[in-house]
Amino acid sequence: MNKSKILKILNPVIAVDFFCLICTALLNDVIPYEIYGILHPVLGYILTAGIVCHVILNWSWIKNNYLSKKS
């Protein structure tokens with residue numbers, strides 16, 4: 001599977017996970033603590049892993065646009 005296909009799956013997963021993470025943070029007082037205490041950190045770890053994968057997959061673009069020497 002090439003990078004483009006992986007990113008087409010990964011990007012929506014990151015977006016949905018981010019939305020769910022924000023919702024759990026905003027509904028902190030509504031969600032029972034037993035559920036919140038498990039769900040919120042797991043969503044955070046998934047988001048972190050997704051962002052790391054996203055950066056790894058886009059590293060060549062990042063390197064060419066931000067880390068290259070400007071002459």
Discussion item. Grouping I, L, V, M, F, W and Y whenever their side-chain heavy atoms are under 4.5 Å apart, do I14 and L43 come out in a common cluster?
Written reply: yes

Item to complete: Scan residues 27-47 for pairs that pass side-chain hydrogen bond (donor to acceptor under 3.5 Å, both in side chains), counting only residues two or more places apart or in two chains.
Response: T24-H40

Discussion item. Are L21 and I51 linked, directly or through intermediate hydrophobic residues, by side-chain heavy-atom contacts shorter than 4.5 Å (ILVMFWY only)?
Written reply: yes

Discussion item. Main chain of H54, side chain of N58: is a donor-acceptor contact present, judged purely on distance under 3.5 Å?
Written reply: yes

Discussion item. Between V16 and I22, is there shared hydrophobic-cluster membership here, with clusters defined by ILVMFWY side-chain heavy atoms closer than 4.5 Å?
Written reply: no

Item to complete: Nearest 0.5 Å please: distance from the CD1 atom of I35 over to the CG atom of L27.
Response: 12.0 Å

Worksheet item: What distance separates N11 CG from C53 SG, expressed to the nearest 0.5 Å?
Response: 11.5 Å

Worksheet item: Hey, any chance V13 and I56 share a hydrophobic cluster, counting ILVMFWY side chains that come within less than 4.5 Å of each other, even indirectly?
Response: no

Fill in: Approximate separation, where rounding is to 0.5 Å, of S60 OG and L67 CG
11.0 Å

Item to complete: Determine whether L47 and F19 fall in the same hydrophobic cluster, where Ile, Leu, Val, Met, Phe, Trp and Tyr are linked whenever their side-chain heavy atoms lie under 4.5 Å apart.
Response: no

